[in-house]
Amino acid sequence: MPATVHVRELTVDDLDDAWELNCLAFGSDPQQRHPRTRVDVPGMTRYGAFDDNGRLVGKAVDLHHDQWWGGQAVPAADVGGVAVAPEARGRGAARAMLTALLRGANERGAALSALYPTVAAPYRACGWEAAGVLRTLDLATAALPRHRPDPRLTVRAGTPADLPAVTALYERVSRNRNGMLTRRGELFDVSAADGGLPGDALTLIEDGGDLVGYASWERGRGYDANSVLTVDEALAVTPEAARELVGVLGSWASVAPTLRLCLLDGDAVSTHLPLESAREHQRNLWMHRPVDVARAVAARGWPAHARGAVDFALADPLAEWNTGTWRLTVADGAAELTRVGVEPDLHLNVRGFALLYAGAARAQAVAEAGLLHATGVRPDALDLLGAGGPAQMLDYF
């Protein structure tokens, strides 16, 4: 295998080879090929790495998502489907693809990027840093608190016609958190066009005709001690709706002893669950990095109480447009980064920027990790960059 690879966007003619590489890397069943892997899909850009003989040896996908930050939708280049042929590993294929992906994402206006790694080290080498974990928990269904149905609320099964209202409630919850996908854009338009429910079934909680809570779930098989009810999502915007949802889920105790679900920290549903008895079924680490630091700062919302300014130098080897000396100014719910010609006391690695921006660590901890160097001053001034955190994610991609 030559030491160099050639990266370009994939065409439809490359997609059969990309599918074969995907099956090899992830152990996918070649017979279970999704129709979207055969055609161009709006809302994503596919990249491939090729050797000197024109053989596809790597693939990566830029997902054109938006993420909520401080109530504002920030354009993102979330990364999925990264695979490298075994003969090409360790030879720079992944780095070359991610460099091209970042450049293309910057050109189309993306500000941020998130991904779920199978191994963190190669992405750290390219500027992403671990910022959170998506946890799937198991609870004993019988341990859920008993609840007498609230006569003021309506509980009913949802249909595809209810999905716009479900999307609106999801947005009502997610837009007030950082890092959550907006579920807007071409990729989600394609999914909505499929016309089906997100799981086996959908349970809705209504108050006076208004949707105030929902749970999408999959029944699974059997009704013995091994039976599991998998809740893909359970969200509510009132405590009454949350209690009603928990009551509905608890009613499965006799035939589904285990409840499996992903939760948001401190949301309405979580506050009614016996989390002390939960067991972690699965954990998916997610990583974050800026695509364009100036855009990432300007596009998001900032806490109204946050105010201040700090100068710092930033190093970003893969995205050279981010490298340089910057002044962060935050006031009145907005912020900006401007280039300055001073010699700052604070020198920040792009991975440290990711940690601070996502609210995953404070500046002192980032300095202790070697991702921030302070000359003659304490690093605390850069806590201003993390004024809006912490970030969370609920979608796996």
Side-chain angles (χ1 to χ4, degrees), residues 66-77 99 102-103 105-114 124 126-131 177-179 287-391:
D66 289 333
Q67 300 173 6
W68 287 117
W69 289 86
Q72 300 297 318
V74 179
T99 301
L102 284 171
R103 187 170 298 279
N106 185 48
E107 290 172 356
R108 69 171 179 81
L112 301 169
S113 177
R124 282 194 168 120
C126 293
W128 279 264
E129 186 49 71
R177 294 171 177 265
N178 289 332
M287 305 180 80
H288 215 262
R289 73 123 54 224
V291 173
D292 182 285
V293 291
R295 197 177 291 142
V297 165
R300 68 177 284 175
W302 293 80
H305 67 270
R307 183 176 296 270
V310 58
D311 295 342
F312 64 95
L314 179 67
D316 188 347
L318 257 67
E320 71 278 0
W321 55 88
N322 290 329
T323 296
T325 304
W326 299 91
R327 176 167 295 154
L328 169 66
T329 306
V330 182
D332 303 322
E336 65 174 348
L337 276 181
T338 53
R339 290 192 180 273
V340 292
V342 301
E343 180 58 36
D345 297 320
L346 300 171
H347 292 256
L348 187 62
N349 180 286
V350 65
R351 291 163 54 201
F353 184 102
L355 285 172
L356 290 167
Y357 185 96
R362 295 179 66 88
Q364 182 62 41
V366 175
E368 291 165 355
L371 304 177
L372 167 60
H373 298 280
T375 305
V377 298
R378 288 183 58 82
D380 302 357
L382 267 173
D383 283 334
L384 185 63
L385 185 57

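The analysis underlying the following values was restricted to heavy atoms, covering all of them including side chains, and did not include hydrogens, waters or symmetry mates.
Remark: the backbone N or O of Asn322 is paired with a side-chain donor or acceptor of Trp326 at under 3.5 angstrom. Judged by distance alone, the side chain of Asp332 and the main-chain N or O of Ala304 form no donor-acceptor pair under 3.5 Å. At distances below 3.5 Å, at least one donor-acceptor pair connects side-chain atoms of Asn178 with backbone N or O atoms of Gly70. Of the possible polar contacts, none joining the Arg289 side chain to the Ala114 backbone as a donor-acceptor pair under 3.5 Å is found. Between the Trp321 side chain and the Asn106 main chain, no donor and acceptor come within less than 3.5 Å of each other. In terms of modelled atom types and a separation under 3.5 Å, the side chain of Asp311 and the main chain of Pro344 share no donor-acceptor contact.
When side chains are defined from C-beta on, Leu348 does not count as touching Leu371, because their heavy atoms never get closer than 4.5 Å. Annotation: side chain of Arg300 is not in contact with side chain of Arg295 (no heavy-atom distance under 4.5 Å). When side chains are defined from C-beta on, Glu336 does not count as touching Arg327, because their heavy atoms never get closer than 4.5 Å. The shortest distance between side-chain heavy atoms of Leu102 and Thr99 does not fall below 4.5 Å. Looking at Leu355 and Phe353, their side chains never come closer than 4.5 Å, going by heavy atoms from C-beta outward.
In this structure, OG1 in Thr375 is found 5.0 Å from NE2 in His347, a value given to the nearest 0.5 Å. Note: Met287 CE to Arg351 CZ = 7.5 Å, rounded to the nearest 0.5 Å. Of the inter-residue distances, the one linking Leu112 atom CG with Asp292 atom CG reads 9.5 Å to the nearest 0.5 angstrom. In this structure, CZ in Phe312 is found 9.0 Å from OG1 in Thr325, a value given to the nearest 0.5 Å.
Minimum interatomic distance between Ala374 and Leu346 (heavy atoms only, all atoms of both residues): CB-CD2, 3.6 Å. The heavy-atom pair separating Gly109 from Pro75 by the smallest distance is O-CG, 3.4 Å. Nearest heavy atom pair, residue Val297 against residue Trp302, reads O-NE1, 3.0 Å. Summarising the geometry of Ala360 relative to Ala131, their closest heavy-atom pair is CB-O, 3.7 Å, with the distance given to 0.1 Å. Contact detail for Leu384 and Ala309: the closest heavy-atom pair is CD2-N, 3.8 Å. Residues Val291 and Ala110 approach most closely at CG1-O, 3.6 Å, considering heavy atoms.
Remark: Trp69 pairs with His288, Tyr357 by the ring pair (Phe, Tyr, Trp, His ring centres under 6.0 Å) rule, at least two apart or across chains.
A donor-acceptor pair shorter than 3.5 Å can be found between the side chains of Trp128 and Ser113.
Counting heavy atoms of neighbouring residues, nucleotides and ligands inside a 6.0 Å radius, atom CZ of Arg362 does not exceed 12 of them.
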Criterion side-chain contact (heavy atoms from CB on, under 4.5 Å) on Leu372 and Asn349, from CA distance to verdict:
CA-CA 6 Å; Leu372 167 60; Asn349 180 286; over 6 Å; no
